[in-house]
Amino acid sequence: MKRFVKIMILLTLAVALLAAAGCGGGDKDSGQAKEAKVLNIGFTGPLSGGAAFYGKDILTGLEMGVEQVNASGGVTVAGEKYTLKVTSLDDRYLPNEAATNARRLVKEYNASIIFCPHSGGIAAMQEFNEVENFLIAAYSSEPKLYARGNKLTLLLPPPYNSYIDPFIKKTMAEHGKKVAMIQSNAAYGKDWGTLFAPAWEKAGGTITINSPFSYNTETDFAPYVSKALATKPEVLFVGGASQPTAMVIKQARDQGFKGGLIVLDQAKFEDMADIIGMPALEGAIGIYPYYMNPRPDKAARDKFVSDYKTKYGKRPTYEHVWHYETALALGKALEKAGTVKDAAKIFESMRQVLPLDKSIAPIAIEGVSPKGGYTNLGMAAYIKNGQYGDPIDIPRTE
Amino acid sequence: MLELENLSVSFGSFMALRSVSMEVRQGELLVLLGANGAGKTTLLKTISGLLRPSGGVITLQGKKISGLSPSQIVRHGISQCAEGRRLFAQMSVYKNLLLGAYTCRKDKKGVEKSLAYVYSLYPILKEKENDPAGSLSGGQQQMVAIGRALMARPGVLLLDEPSMGLAPLVVQQMFDTIEAINREGTTILLAEQNAYTALKIAHRAYVMESGAVVMSGSSQDIAGNEQIRQAYIGA
Amino acid sequence: MELYFQQLLNGLTLGSIYCLVALGLTLIYGIMHIPNFAHGHLYMVGAYCVLFLCTLYGLNYWMAILISMVILAVIGIIMERLVFHPLRDSPPTNSFIAAVGALLFLEAGATVLWGADYRRMPEVFDKVVNIFGIMATQQRLVVIFSALALMGALYLFMKKTLIGSTIEAMSQDREGAFLVGIDANMVSMMTFGVASALAAAAAGLAGPLFLVFPSMGGLLIIKAFVIIVLGGMGSIPGAVAGAYILGLAESLGATVFPAEYKDLVAFILLVIILSIRPTGLFAKEGR
Ligand SMILES: Nc1ncnc2c1ncn2[C@@H]1O[C@H](COP(=O)(O)OP(=O)(O)O)[C@@H](O)[C@H]1O
Ligand SMILES: [Mg+2]
């Protein structure tokens, strides 16, 4: 019996530790702003389980933006002063949990804007957000979300299908027409693949092998890479999370692959370069690293990059900056709308307050399209001679 | 030399030993008789520290040894050749014997001497020294088991039914060597069902029934006892 | 054809890593009859140790692996004392739960201390070698041969030293081991120490090829369990054979079948072997 108790204590401790790790930064009540009312900005995303890292990482950009708004005096809506507060709930990456969270955020926390970083959760919320009157700030490059015509969805990043044609055009010109597809077999990689394969063939290319595999349950990627290289491709289509993608590329280079690489947008060049170095990425096309993005005001970008680095100990990526600047814009939009309740009106004001003043806008959001997406062009980089080169503009296909 | 005082052992609510008292004298060959299930094995396991007594004490030359761990008891000079032999079946005969000397492994010369002694008792083991112990015949395995127990150079050797499952001719040889070992000065406590043969080599005997000692005395007395003759010797 | 040789090399690398981890697992199972689910997480801690010793303290790669093996041996022993020793007389379910608890604890601890992000060990043997058209970094060869060397060392330790023999003795006949005066505590601690050191070595060797992150052990422990079931629970040759079989099955399976069915290859193999030999390839007799 005593032993049983010991085990229970041990288990409880372990679970408590996990929980502590899982919920860090969730509910910190700021004591200093007692006079101002608190306005909750909702967030639902994976905060525990396998994708917890992703969810918490996204949250940092949003929280930093909200802190920035509060630091410059909070927002005054219809004469009432508010402090913004991010209220985050864990949905473990599950659409139905995201929907439940959204209802809670609306009912219990009076949130009228909810951020969500995964397409499943966003789609689930879109079932009722127009009726229940809340704005979804969607971080997903899933093209289907654009097609749904939801009136209260703000889409932050470009849909990934925007990249496909420019990537194909550049790569075919530089490397050839034979591609081997070994991207991640997670939903996102598969979806990319289903759009990419016909587009490649339509452009006159051949696919030597179409064999996506799991980037996060395999110990060793070498067998898959060997299999793909045996088909003698000129180009590899790869991508998943940055780190495993880097290892896939490294494997290919170690096995003597010299050709081009098409890297789907989930993987970030700068993170991969940290791991395997620039030479391994020669001839790769992918997303232009944010911290070097030439489009926004350089001073604003560098300030954000260094502030973020100081605060979180690493370089920010698009995930963070989109959320950050969206939070700033939201602050302005709330003031302009004169309501904290009417999501449609807040969304409308959002369109009007953009673009923000260049000096405070690290990504320089240009505006919101009729379909609800930001109008900024996407940017790709083709790595040549160890350099990112001139950015390649990617128009958003909506 | 080795004394048990009011020793009791229970498995849950079942009392396998009920207040057993016994004395093993220096240099003697003592036999412990009893039918299957009488508690012989339980008694030997308790002496070796594999089972904890629920009452009573075991002393060796006046020092309390009950409660010590099996390895400490081996170090105190009590080793056991257990029922079912308990050999390391996939290891060679030689390795088995060597492990028998585990507690005195630092004394390289002593180990060699013991090994030579065991091989002189059982020359066949020398021939089979590299064979896996599990591949030997039953009688040879018993030799390895006794040899392994001897390797610890015990003052008291506990033998648990060494004749079990062996052919009569082999049993006789087995008992001859046990007698020889005793003659060389090792005190022996031998648990047996085979009363007839055991009593022939033993100095004294105890008889157990249902976990209790029911009789004790010299071998002749016990062998002459009518009840015993009927119950264990069958003549 | 070349592809098959390439896959052979990949399979051997993977098999070598599996082997070192599965050996530890099977040793512990053989002695204590505990399925130590936390073993993969000891591998993870080992990987971080090597990583930090290399990057923060600038230690030479081999030195880092050696020190990590020592550190992990100590951690393994502490785990045995703290978690499993108190449970030695209770039903196996308790040890079972305790192992899962230890696993959660280690993973949470690593996440809190070192963060959830992927890290990568610096590569020492990063030259690409070309053996008859098969391309691989030297690191893969280093893995294969170091694993063999470690197995050789383990073999010598267990066969040629009396102390090492006690591990085998205890797993072949527990009571027999007690009767010759082998100290169960000592053997349990030593087994955990050796097993954890092997896990650290595996992690150090695999480190430069793979990524280092807190949940990396979870993937491996499942494979290691398949291996020791395949080879026969507690059997040492079984673990070695099982590891290489699984490693090769995975890499060659990846060649022949689409990635989705690859795990099926390992699974079917398991079913076939277990239906022919229900207790595994090298099951112990009479158990
Ligand atoms: N581990 C155990 N659990 C429960 N009962 C046991 C156990 N070991 C022995 N017994 C019982 O104790 C009694 C004595 O057994 P044992 O000492 O083996 O007898 P013997 O060696 O004289 O044949 C028997 O009734 C047996 O069933
Ligand atoms: Mg018996």
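Labels below follow one simple rule: chain letters A, B, ... track the order of the sequence lines, proteins then strands, and each chain is numbered from 1. None of the values given here were measured: they were computed from a predicted structure.
- Neither the backbone nor the side chain of Leu158(B) comes within less than 4.5 Å of any heavy atom in chain C.
- Using a 4.5 Å cut-off between heavy atoms, Ala177(C) touches chain B through backbone and side chain atoms alike.
- In this structure, Tyr18(C) contributes its side chain and Ile245(C) its backbone to no donor-acceptor pair below 3.5 Å.
- At a 4.5 Å heavy-atom cutoff, the contact between Leu50(B) and chain C is made by side-chain atoms alone.
- Look at Glu83(B) and Lys45(B) and you find no salt bridge, because none of the NZ, NE, NH1 or NH2 atoms lies under 4.0 Å from a carboxylate O.
- For Ser69(B), no part sits under 4.5 Å from any heavy atom of chain C, backbone or side chain.
- Screening Asp160(B), Thr46(B), Asn36(B) against Thr41(B) for a side chain to side chain donor-acceptor pair (under 3.5 Å) leaves a single residue, Asp160(B).
- Using cut-offs of 30° and 60° for the angle between ring planes, the Tyr29(C) and His33(C) rings count as tilted.
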